[in-house]
Amino acid sequence: MAARILSVDDSDFVRRIVKATLEKAGYAVSEAADGLLGLAALAREVPDLVLCDVNMPNMDGLTFARRVRETHPRSALPIIMLTTEGAEDFQEEGRQAGVDAWLRKPFDPAALRSLVEQLLAARAG
């Protein structure tokens with residue numbers, strides 16, 4: 001069975017690129033347009049990994065990551081921030097929120113696939 005990935009981003013364009021990139025690599029991808037919708041998606045089905053933007057309406061990515069880590073039964077769920085934000089202090093805040101990795105936009109599709117594979121392999125143990 002294909003690993004399931006949740007893409008949480010307010011940009012429809014970014015979600016389409018992420019979905020096309022990862023589905024081409026054999027993953028099953030679902031989408032949410034902000035952190036609140038991402039939490040609702042997690043309540044319905046737990047993916048194997050989450051990709052999340054930082055700057056979104058309704059609930060930003062760092063708040064989303066904190067909520068996943070605080071309230072979700074599978075708190076080991078890998079979270080990748082896919083964002084234009086790259087400042088070191090911002091990444092430190094992300095690490096404290098439970099973010100596992102960062103990938104800067106615009107991203108290289110091969111780098112995205114590689115990072116997803118790496119985190120899924122680490123999770124599998």
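Computed from heavy atoms alone, side chains included, the values below leave out hydrogens, waters and symmetry copies.
- Every side chain to side chain contact (heavy atoms under 4.5 Å, CB included) that E92 has, sequence neighbours left out, goes to R95, Q96.
- Contact of the L49 side chain with the L120 side chain is registered, since non-hydrogen atoms from C-beta on lie closer than 4.5 Å.
- Side-chain contact between D10 and P57 is present, with at least one heavy-atom pair separated by less than 4.5 Å.
- In terms of the side chain to side chain contact (heavy atoms under 4.5 Å, CB included) criterion, residue partners of T21 (sequence neighbours excluded) are, by chain and number, I17, P109, L112, R113.
- Interatomic distance, S11 OG to M56 CE, rounded to the nearest 0.5 Å: 11.5 Å.
- Under the salt bridge (Lys or Arg N to Asp or Glu O under 4.0 Å) criterion, R66 pairs with E93, not counting sequence neighbours.
- Side-chain contact check for D53 versus V8: every heavy-atom pair is 4.5 Å or farther apart.
- Once rounded to the nearest 0.5 Å, the distance linking CG of L6 with CG of L42 reads 5.5 Å.
- Every residue meeting the side-chain hydrogen bond (donor to acceptor under 3.5 Å, both in side chains) condition with N55, not counting sequence neighbours, appears here in chain and number order: E85.
- Looking at heavy atoms from C-beta onward, D48 lies out of side-chain contact with Y27 at the 4.5 angstrom threshold.
- Rounded to the nearest 0.5 angstrom, I79 CD1 and W102 CH2 are separated by 11.0 Å.
- The side chain to side chain contact (heavy atoms under 4.5 Å, CB included) check on A111 picks up L103, D108, with sequence neighbours excluded.
- V46 and I5 fall into different hydrophobic clusters, where Ile, Leu, Val, Met, Phe, Trp and Tyr residues are linked whenever their side-chain heavy atoms come under 4.5 Å apart, directly or through other members.
- Taken from CE in M59 to CG in L36, the straight-line distance is 4.0 Å, to the nearest 0.5 Å.
- Closest of all the heavy-atom pairs between M81 and V54 is SD-CG2, 3.6 Å.
- In this structure S7 satisfies the side chain to side chain contact (heavy atoms under 4.5 Å, CB included) test together with R15, V18, V29, sequence neighbours excluded.
- The closest side-chain heavy-atom distance from F90 to T83 is not below 4.5 Å.
- Listed by chain and residue number, R69 satisfy the salt bridge (Lys or Arg N to Asp or Glu O under 4.0 Å) test with D100 (two or more places apart in sequence, or in another chain).
- When every heavy atom of A28 is checked against every heavy atom of A2, the shortest pair comes out as N-CB, 4.1 Å.
- In this structure T63 satisfies the side-chain hydrogen bond (donor to acceptor under 3.5 Å, both in side chains) test together with D60, sequence neighbours excluded.
- With sequence neighbours excluded, no residue satisfies salt bridge (Lys or Arg N to Asp or Glu O under 4.0 Å) with D89.
- Going from atom CD1 of I80 over to atom SG of C52 covers 11.0 Å, rounded to the nearest 0.5 Å.
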